[in-house]
Amino acid sequence: MTAEVTATLPDGTRRPLPPGGTVGDLLRAWNPQGASHYLAATWDGRSVDLSFVPARDGTLVPLTFQDRAGRDIVQHSSAHLVAKALVEAIPGALPTAGPPTDEGFYYDFDVRPLTPDDLESVRATMGQDIASNLPFERLEVARDEANRLAAGNRHKLGYIAEIPESETVSFYRTGSFVDLCKGPHVPSTKWLAGLHILGFSAITAGGVREGEPLQRVRGVGFPTKAELEAYLKLRAEAEARDHRTLGQKLELFSFTDDAPGFPFWHPNGMVVVRELERFVTEHFADDGYREIRTPLMFAKSVFETSGHWEHYRENMFLTEADGREFGWKPMNCPGAMLIFRSRARSYRELPLRLAEFAPLHRFEPSGTLHGMTRVREFVQDDAHLFVTEEQIEEELVRLLKWIDRAFTTFRFTWSYELSKRPAQFLGDSAKWDRAEEMLERVLKSSGIEYRASPGEGAFYAPKIDIHVRDSLGRPWQTGTIQLDYQMPARFGLEYQGADGHLHTPVVIHRTILGSWERFFGVLLEHTNGRLPPWLSPVQIRVLPLADRHEAAAAALADRLHRAGLRADQSGSAESLSKRVRETEISRIPYAIVLGDQEISAGTVALRVRGEKGQKSVSEADAQHRMVEAVRRRAFDP
RNA sequence: GCCACUGUAGCUCAGCUCGGUAGAGCGGCUGAUUCGUAAUCAGCAGGUCGAGGGUUCAAGUCCCUCCAGUGGCUCCA
């Protein structure tokens, strides 16, 4: 009890800690300047409060808000403060759990539905609590004391029952509020000066179906108001480049109440889709894909064969004709299977790569729709590769190369996720194991880092998902590669091998950009609507200075058009300033002003999006620059 | 689908608290201006106030139901 313990610090020094001394005391003595940023610490790798008193020697590392663990502690402490204020505002409200998240934190309550007024009083109470600088005090208690403290809250009593006997039960006291919690916490509420409530909503506890409704309050915590303001500013900037707003302003796409979740592609948006398709079909040609087109709907029996009827029906649009049930296809695979099966196949035809850009329909619950990133009808850069076992690896390696090229073109950062067998799966475990091992091996041999997600696979196959990050830092799933041993067998697909025997092919389902809809939405936010020149609906606008220059402008626009550029021309009724402004707002990558100076000098005044001012160049140079940027699919003009 | 909020002109929004049959800016059209790199001036047109029902002498405004959108939950390309 009186023995001195020794702490090893990050710089390698070892310091004695007097009996009863806290890690906070020691850190303050070790680094008086930095100590004001220390909000907690780790002791032998375990997160602890600054008030922690170690019992034996160990290594001590301070935590600040810059550390993920430190950031999580601020979020978690913020959640406690929200709970304190909400319980005071609504007597009888039962706190359940309040963890940190990637974004911030939430706290779930067993309480009547919340109102904006509730949040107002929560905000007011929290403001007072932060000003009062209440300490977070840790209480370690015996089981019966714990049950007494949590009396009346069956959720907390349940959590206590789940804590292993070997672990101490701890509570934290903040003012009058005492909450079951493992900790650690910030020392006091002044650390939560930048606490902000983001919103509230009803959620279903414990997953999908059976859970009881709880009310969730979401927020984000920062140690200072300045950090909160920087965060809010970033959010506002992200909001300003919301793809739904851009889609409307740039006349790319729209929606109507009478077809919720079904996009209307306007002419400008359609140019982008066609260019994206061209980008992908060029790769198809290079890599030996062939395009097919199959029906948008099939009789129920096809989906019974594919397994969709059993596993995916609640996500399908159904209809009826001739007294038979039909379903709109939610995926392209059944059509590709039926084309493969349309005649006898030889091993010499494999790999058979069948691509299909067909509209897919999925019934998504109304509350999940979100602009172009979550729709009910979409087209994917989809293909199905029918291969032999021996060909799988080479095909996967080839696909990973295309992924690199595709996403580099759009200057995205992306990551891989390996999703394994879900709870409900088709087929036998041995084949699943083999498919999962194969995907894992190819990822590893390609030197790719990935996150493994057990249980997240499709019902018919394990998959590699590709995630890109948008301007809000939100990850979006775009592409997916699925290795399928099930569906070919269910459709009875066969090919004759070199050995003269019939074999079942393996199918690789793959879409890389994902749907045009979602990819385009993410790309708009990524670029703030400043699409690369090759994707821009209008690539170059010619601005005649005055009406006497209109004929020359029309002739120039025509020459640019014949050079393969999408050029248009402004009128001259508006001021030049205004027309330049409109060109900028429309995100058109190039503008050329044509006036007396240019016509007499035989030059053009070229204005390039993202660059200051304009430059006088020959028409040939201007055209060459633009044509090359488009041809190379350059990201910037 | 669940919870909360929102829905007024093509777009962004005011009017709703305290009921007395609609207003601005941008955009559009017309005219004037012919201009040197992010908003020239004037005039005009444009709205069954998301839909349906109710209360009232009277409803954009109050109440109910539905639809859609937004933010979450869940799910996913």
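Chain naming here is simple, since letters A, B, ... match the order of the sequence lines and numbering starts at 1 in each.
Proximity note for A:Q248 (side chain, C-beta onward) versus B:rU34, B:rC11, B:rA77: the nearest is B:rC11.
Across B:rC76 and B:rA4, the matching C1' atoms stand 24 Å from one another, rounded to whole Å. Rounded to a whole angstrom, the distance from the P atom of B:rU37 to that of B:rC73 is 50 Å. B:rG60 and B:rA42 have their P atoms separated by 33 Å, with the value rounded to a whole Å. Comparing the P positions of B:rU6 and B:rG50 gives an interatomic distance of 13 Å, to the nearest angstrom. With both ends at atom P, the span from B:rG10 to B:rA45 equals 16 Å, rounded to whole Å. For B:rC11 and B:rC16, the P atoms lie 23 Å apart once the distance is rounded to whole Å. For the C1' atoms, the distance from B:rC35 to B:rC41 is 13 Å, rounded to whole Å. Here, B:rA68 and B:rA51 have their P atoms 15 Å apart, quoted to the whole Å.
Among the atoms of the strands shown, only primed sugar atoms or phosphate atoms (P, OP1, OP2) are found under 4.0 Å from some heavy atom of A:K463. Counting non-hydrogen atoms under 4.0 angstrom, A:L198 reaches nothing in the nucleic acid. Residue A:H549 is out of contact with every strand shown, counting any heavy-atom pair closer than 4.0 Å. Counting any heavy atom pair closer than 4.0 Å across all strands shown, A:E364 reaches a base atom. Within the nucleic acid shown, A:R374 comes within 4.0 Å of at least one base atom, counting heavy atoms only. Across all strands shown, A:D596 has heavy atoms under 4.0 Å from base atoms, whether or not it also approaches the sugar-phosphate.
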Give each protein N/O atom lying under 3.5 Å from an N/O atom of nucleotides 37-39 of chain B, with the pair distance.
{"unit_1": "B:rU37", "atom_1": "O2'", "unit_2": "A:R607", "atom_2": "NH1", "d": "2.6"}
{"unit_1": "B:rU37", "atom_1": "O2'", "unit_2": "A:Q614", "atom_2": "OE1", "d": "3.2"}
{"unit_1": "B:rU37", "atom_1": "O2", "unit_2": "A:R607", "atom_2": "NH1", "d": "3.3"}
{"unit_1": "B:rA38", "atom_1": "O4'", "unit_2": "A:R581", "atom_2": "N", "d": "3.3"}
{"unit_1": "B:rA39", "atom_1": "N9", "unit_2": "A:R581", "atom_2": "NE", "d": "3.4"}
{"unit_1": "B:rA39", "atom_1": "N7", "unit_2": "A:R581", "atom_2": "NE", "d": "3.3"}
{"unit_1": "B:rA39", "atom_1": "N7", "unit_2": "A:R581", "atom_2": "NH1", "d": "3.0"}
{"unit_1": "B:rA39", "atom_1": "N7", "unit_2": "A:R581", "atom_2": "NH2", "d": "3.1"}
{"unit_1": "B:rA39", "atom_1": "N6", "unit_2": "A:R581", "atom_2": "NH2", "d": "2.5"}
{"unit_1": "B:rA39", "atom_1": "N1", "unit_2": "A:R581", "atom_2": "NH2", "d": "3.0"}

Which atom pairs link the protein and nucleotides 31-33 of chain B when you take only N or O atoms and keep those under 3.5 Å?
{"unit_1": "B:rU33", "atom_1": "N3", "unit_2": "A:A573", "atom_2": "O", "d": "3.4"}

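Of the nucleotides present, B:rA4 is the one that pairs with B:rU70 by Watson-Crick or G-U wobble criteria, both distances under 3.5 Å. Across all strands shown, B:rG43 pairs with B:rC29; the Watson-Crick or G-U wobble distances both stay below 3.5 Å. The nucleotide B:rU55 finds no pairing partner, because no Watson-Crick or G-U wobble arrangement with both distances shorter than 3.5 Å includes it. Judged by Watson-Crick or G-U wobble contacts below 3.5 Å, the nucleotide B:rG19 has no partner. Of the nucleotides present, none pairs with B:rU48 by Watson-Crick or G-U wobble criteria with both distances under 3.5 Å. Summarising the base pairing, B:rU37 is matched to no nucleotide, lacking a Watson-Crick or G-U wobble pair whose two defining distances lie under 3.5 Å. For B:rU61, there is no paired nucleotide, since no Watson-Crick or G-U wobble pair has both relevant distances below 3.5 Å. Remark: B:rA14 base-pairs with no nucleotide in the shown strands. Criterion, Watson-Crick or G-U wobble with two distances under 3.5 Å.
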A:F425 vs A:W432, side chain to side chain contact (heavy atoms under 4.5 Å, CB included): CA-CA, chis, key distance, verdict: CA-CA 9 Å; A:F425 64 96; A:W432 272 89; 3.3 Å; yes
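Side-chain contact, A:Q477 with A:D465: a donor N or O sits under 3.5 Å from an acceptor N or O. Judged purely by distance below 3.5 Å, without hydrogens or angles, the side chains of A:Y590 and A:Q539 never pair a donor atom with an acceptor atom. Between A:D110 and A:H155, the side chains place a donor N or O and an acceptor N or O closer than 3.5 Å (distance only, hydrogens not considered).
OP1 and OP2 of B:rA77 both lie 4.0 Å or more from every side-chain N or O belonging to A:H509. Distances shown here put a side-chain N or O of A:R244 below 4.0 Å from the OP1 or OP2 atom of B:rG71.
Residues A:R353 and A:E395 are paired through a salt bridge, judged by an N-O separation under 4.0 Å between the basic side chain and the carboxylate. The pair A:R566-A:E275 meets the salt-bridge criterion, with a side-chain N (NZ, NE, NH1 or NH2) lying under 4.0 Å from an Asp/Glu carboxylate O. Ion pairing between a basic and an acidic side chain is recognised when a charged N comes within 4.0 Å of a carboxylate O; A:R530 and A:D636 show no such pairing. A salt bridge links A:D596 to A:R548: at least one charged side-chain nitrogen sits closer than 4.0 Å to a carboxylate oxygen. Salt bridge status for A:K463 with A:D484: absent, with no side-chain N to carboxylate O gap under 4.0 Å. The residues A:R625 and A:E611 are annotated as salt-bridged, a charged nitrogen and a carboxylate oxygen being separated by less than 4.0 angstrom.
Take the nearest nucleotide of RNA chain B for A:Q597 and for A:A458: the residue whose nucleotide is more 5' is A:Q597. In terms of position along RNA chain B, the nucleotide closest to A:R579 lies nearer the 5' end than the nucleotide closest to the other residue of the pair A:G199 and A:R579.
In this structure, CZ of A:R216 is placed 6 Å from P of B:rC73, rounded to the nearest angstrom. Following rounding to the nearest Å, A:L545 (CG) and B:rC35 (C1') show an atom-to-atom distance of 6 Å. Rounded to whole Å, the distance from OH on A:Y106 to P on B:rC73 is 9 Å. The distance between atom CZ of A:F459 and atom C1' of B:rC75, rounded to the nearest whole Å, is 15 Å. Between the CD1 atom of A:I197 and the P atom of B:rG72 there is a distance of 16 Å, given to the nearest Å. The interatomic distance linking A:E377 (CD) with B:rA77 (C1') rounds to 13 Å, in whole Å. Following rounding to the nearest Å, A:R218 (CZ) and B:rG71 (P) show an atom-to-atom distance of 10 Å. In this structure, A:Y107 places its OH atom 18 Å from P of B:rC73, rounding to the nearest Å.
Residue A:R362 places no side-chain atom within donor-acceptor reach of the base of B:rC76, judged by atom type and a 3.5 Å distance cut-off alone.
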Per-nucleotide protein contact string for nucleotides 1-7 of chain B (B base, S sugar-phosphate only, - none; heavy atom under 4.0 Å): BBBS---
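Residue A:E584 is tested with A:R579, A:K612, A:R607 for a salt bridge (charged side-chain N to carboxylate O under 4.0 Å, His left out); the sole match is A:R607. Across A:T480, A:N332, A:T511, a single residue satisfies side-chain hydrogen bond (donor to acceptor under 3.5 Å, both in side chains) together with A:D382, and that is A:N332.
Counting only distance, with no hydrogens or angles, the side chain of A:H311 and the backbone of A:H308 share no donor-acceptor pair below 3.5 Å. A donor-acceptor distance shorter than 3.5 angstrom exists from the side chain of A:R510 to the backbone of A:D381, with no hydrogens or angles considered.
Cation-pi geometry between A:R218 and A:Y106 is not met: the NZ or CZ atom fails to fall both under 6.0 Å from the ring centre and inside 45° of the normal.
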